[in-house]
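Report on the structure given below.
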Amino acid sequence: MTNPQQRAAAHAQALTKVYGQGETAVTAINNIDVEFIANEFTAIMGPSGSGKSTLMHCMAGLDTASSGATYIGDVNLSQLRDKEMTALRRDRLGFIFQSFNLVPTLTAAENITLPIDIAGKKVDKAWFNEVTERLGLAHRLGHRPAELSGGQQQRVACARALVARPDIIFGDEPTGNLDSNSSAEVLSILRTAVDQDGQTVVIVTHDPRAASYADRVIFLADGRIVQELRNPSAEEILSTMAHIEDVH
Ligand code: ADP
């Protein structure tokens, strides 16, 4: 029996991703089985080229599996048509990228509600106010991205992901372009979203400090999961990384 507390928000079954063909083929993901449990914060780590981004992109429907399958809830992404995939990404997933990915001509408020507006849905005003207040954006809502600091822009991207209440938020190096104060802010925003709002968060990071905010850290090497830690400290993560880099 599946414990309802342990429901997977997303999972992969025998996921393999090969880029290219013949002699130049690269196996970026090699037969991975993984579950991302609902209401957990997971960090994916590993040396450069170990397959972190590919895994996240396959999980989030931004890239396709060569074999095996990825699921959001119980929806098998490989069985979706392009239009259905676009709708699923829009309706059920949130994204936070290293480069913020805000629309420069729109205000912070317009950026935050953009996915909901595109979906033709109504913005939950009370929730919008709570999220923007909590993220310290209430007085910045009329600003365009160029008028905001990097940390503020990433908080707008977090608000955009949170306001839509997605099943799962994927972050691809979400703190990669931020100073340590802004990184800590963004990470505690994600931590609160998990603890307080029941959100599910999966990030790729190479920063042990960032990963230490997670409930669970998964380590990749050569396209496979080679290690996993629960509630680790930054020091444990650092020494695990050093060990993995020595071995691989
Ligand atoms: P990481 O995020 O851990 O740095 P990636 O998932 O970006 O690793 O890459 C894993 C492997 O797949 C690397 O060897 C990389 O060169 C290769 N790779 C990634 N994307 C592509 C692509 N679009 N075409 C060819 N090879 C790719």
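In each ligand, atom 1 is the first atom listed, and ligand 1 is the first ligand listed.
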**Item:** Tyr19/Asp63 under side chain to side chain donor-acceptor pair (under 3.5 Å): CA gap, chis, key distance, verdict
**Value:** CA-CA 11 Å; Tyr19 289 109; Asp63 205 342; 2.7 Å; yes
**Request:** Below 4.0 Å from any atom of ligand 1, which residues have a heavy atom? Give them in chain and number order, please.
**Result:**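 Contacts of ligand 1 under 4.0 Å: Tyr19, Val26, Ala28, Pro47, Ser48, Gly49, Ser50, Gly51, Lys52, Ser53, Thr54.
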**Item:** Which residues share a salt bridge (charged side-chain N to carboxylate O under 4.0 Å, His left out) with Arg89, sequence neighbours left out
**Value:**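 Partners of Arg89 under the salt bridge (charged side-chain N to carboxylate O under 4.0 Å, His left out) test: none.
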**Item:** Closest contact, heavy atoms only, Gln154 versus Phe100
**Value:**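 Result for this residue pair: OE1-CD2, 3.2 Å.
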**Item:** Between His11 and Asp33: side-chain donor-acceptor atoms closer than 3.5 Å
**Value:**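 Result is no, nothing qualifies.
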**Message:** salt bridge (Lys or Arg N to Asp or Glu O under 4.0 Å), that's the test. Do Glu40 and Arg7 meet it? Break it down for me.
**Reply:** CA-CA 10 Å; Glu40 269 197 0; Arg7 185 177 62 80; over 6 Å; no
**Electrostatic pair Asp124:Arg165 at N-O distance under 4.0 angstrom** =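 A salt bridge is present here (some side-chain N lies under 4.0 Å from a carboxylate O).
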